[in-house]
Amino acid sequence: MTRTSDLLIVGAGVVGLAHAVEAVERGLAVTVLERDEHAVGASVRNFGHGCLTAQTGDALEFATRGRGTWLRLGAEAGFGVAECGTVVVARSVEERAALEELAATRGDDVELLDPARVVDRVPVAREGLHGGAFLPRDLRVEQRRAAGAIAAWLAARPGAEIHSGCPVHGIDAAGAGAGGIGYDSGDGPVVVRTGRGEFRAHRVLLCVGHDLDRLVPGLADDAGLRRCVLQMLQVRPHTPLTIGPAVLTGSSMLRYPALSGTAGAAALRERWRTERPELLDAGVNHMLTQLPGGDLVVGDTHHYDRTPEPWTDETLDDLLLAETRALLGTGVDVVRRWRGVYADAPGEFLIRPVAPATTAVAVTSGIGMTTAFGLAPAVLDRVL
């Protein structure tokens, strides 16, 4: 049995860590429990793209609020965060129209580019370009180092404890019997039972992403929670390239809400129903970012299921590779393949009470990296 913390967080992915950072900076005693030795889920299997400008509503508010925290933590915890923005490439009149509509509503957050200026910023093929846009406020985070570096930064702060390799078995109000999660309306501290003993806290947050159904299946059922599985690639261009910004394409305009709601995106989707149905069927968001060593992270496809089958589909990787070669005008070799996964449910965020003093928090739209550090203050204002 350890101390009684002010706040205990289950899950040391970016969402859990963001809440721990916010709590420590409010002067609270915080304990973080992570079932694995380190984060290996959505927090590292992504593009490292802080996609601020393409969001709307709460997501835009959280992304904007958390931007400064990313920049500060990158400097203090020692991982890369670049204010490199995003280039959105338009290769049709519909895509260009969607970007013009976005620029009309976002002012200086969107800079329209003609084809020559697109090629000046990112080394894409000139053929078929209709222009593009630069989104200067977007960030690129060194995603494969960020979660570990933030966890180490937290562990060195007074008032913070992080326990890895510590799977949670159940959560009870003090004095309640062992069962599952939350069974008593008592006012005592919450007891969190793990494979390494019991922990106590006055408040508990479950930040376990798509595995929420492992701890609270009834809540997951009610929320319509399922898993979104992505196929992603790390590739090495035949011609060495330097790509500072993230690069989005027309398929991205059909997914990110600030663009997908435009008339241009609607026209593009309608045309692709006939001309490119394979992109729509696979839920493709073809985009890329560059890793520090020069390789590119390329993705992604989307498949939704409560319990997805374990197999990857080679035709989906082939589709992504063909799109990448056409975009860059050069061949690429595959270095790594993986499946990303994140929680999906109606709405972009799930914040629900589970039991007295216990709340489940999940980003249910694949934008945890973008929004976590703005979401955390809003959640703590609500539950503390």
Side-chain angles (χ1 to χ4, degrees), residues 1-24 28-46 73 77-79 141-172 174 178-182 189-217 220 225 227 229 307 310 336 338-343 354-355 357-363 368-369 372 376:
M1 186 77 72
T2 65
R3 65 176 181 172
T4 298
S5 302
D6 296 314
L7 179 68
L8 185 146
I9 297 167
V10 182
V14 166
V15 173
L17 292 172
H19 285 80
V21 168
E22 177 67 20
V24 166
L28 302 179
V30 179
T31 298
V32 180
L33 306 181
E34 168 57 43
R35 70 179 184 187
D36 294 311
E37 291 301 314
H38 52 85
V40 294
S43 297
V44 297
R45 303 185 203 182
N46 61 70
L73 281 177
F79 61 92
V141 176
E142 197 176 350
Q143 72 274 33
R144 297 184 183 179
R145 295 190 58 241
I150 294 169
W153 180 89
L154 269 170
R157 302 274 292 197
E161 293 181 0
I162 297 183
H163 299 266
S164 60
C166 193
V168 170
H169 295 161
I171 302 175
D172 307 311
I181 291 192
V190 179
V191 177
V192 180
R193 294 177 284 106
T194 82
R196 298 186 185 275
E198 293 184 343
F199 296 80
R200 291 177 180 265
H202 296 293
R203 294 287 186 274
V204 173
L205 297 180
L206 303 181
C207 300
V208 296
H210 58 274
D211 284 336
L212 195 60
D213 58 357
R214 307 295 194 229
L215 289 174
V216 281
L225 187 77
R227 287 165 177 77
V229 175
T307 303
R336 289 192 175 110
W338 67 93
R339 301 177 84 198
V341 61
Y342 63 78
V354 176
T358 301
T359 304
V361 180
V363 179
M369 183 76 72

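All figures in this text were calculated on a predicted structure; none of them were measured in a lab.
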- Once you round to the nearest 0.5 Å, how far does OG of Ser5 lie from CZ of Arg200? 11.5 Å

- Query: If only atom types and distance count, is the side chain of Ser43 paired as donor or acceptor with the main-chain N or O of Val14 below 3.5 Å?
  - Reply: yes

- Query: Is there a side-chain contact between Val192 and Val204, using heavy atoms and a 4.5 Å cut-off?
  - Reply: yes

- Heavy-atom closest pair (Leu7 atom, Ala23 atom, distance to 0.1 Å) is CD2-CB, 3.7 Å

- Below 4.0 angstrom, N of the basic side chain to O of the carboxylate: do Asp211 and Arg227 qualify? yes

- Task: Compare all side-chain heavy atoms of Val363 with those of Tyr342 and state whether any distance is below 4.5 angstrom.
- Result: no

- Item | Exercise: identify the closest heavy-atom pair between Arg3 and Val30 | NH2-O, 2.7 Å

- Query: Under a 4.5 Å cut-off applied to non-hydrogen side-chain atoms, are His163 and Arg196 in contact?
  - Reply: no

- Query: Looking only at heavy atoms, what is the nearest atom pair of Ala12 and Ala39, with distance?
  - Reply: O-CB, 3.8 Å

- Query: In terms of heavy-atom contacts, does CZ of Arg35 have more than 12 from other residues, nucleotides or ligands at under 6.0 Å?
  - Reply: no

- Message: Give me each pair satisfying salt bridge (charged side-chain N to carboxylate O under 4.0 Å, His left out) with a member in residues 8-17, each pair once, sequence neighbours excluded.
- Response: none

- Query: Excluding sequence neighbours, so at least two apart, what forms side chain to side chain donor-acceptor pair (under 3.5 Å) with Glu22?
  - Reply: Arg26

- Note on the structure: Correct closest heavy-atom pair for Gly209 and Leu225 would be O-CD2, 4.5 Å

- Message: The criterion is side chain to side chain contact (heavy atoms under 4.5 Å, CB included); which residues satisfy it with His19, sequence neighbours excluded?
- Response: Ile9, Val15, Leu205, Cys207, Val361, Leu375, Ala376, Val379, Leu380

- Less than 4.5 Å apart, any side-chain heavy atom of Met369 and any of Val141? yes

- Looking only at heavy atoms, the pair that brings Arg45 and Trp338 closest together is O-NE1, 3.5 Å

- Leu206 vs Ile171 side-chain heavy atoms within contact, under 4.5 Å: yes

- Query: Looking at side-chain heavy atoms only, is the closest gap between Gln143 and Val44 below 4.5 Å?
  - Reply: no

- Query: Side chain of Arg157, backbone of Val21: donor and acceptor closer than 3.5 Å?
  - Reply: no

- Query: Are any non-hydrogen side-chain atoms of Ile162 and Glu34 less than 4.5 angstrom apart?
  - Reply: no

- Item | Nearest atoms (heavy-atom pairs only) where Ala160 meets Leu154 | CB-O, 3.2 Å

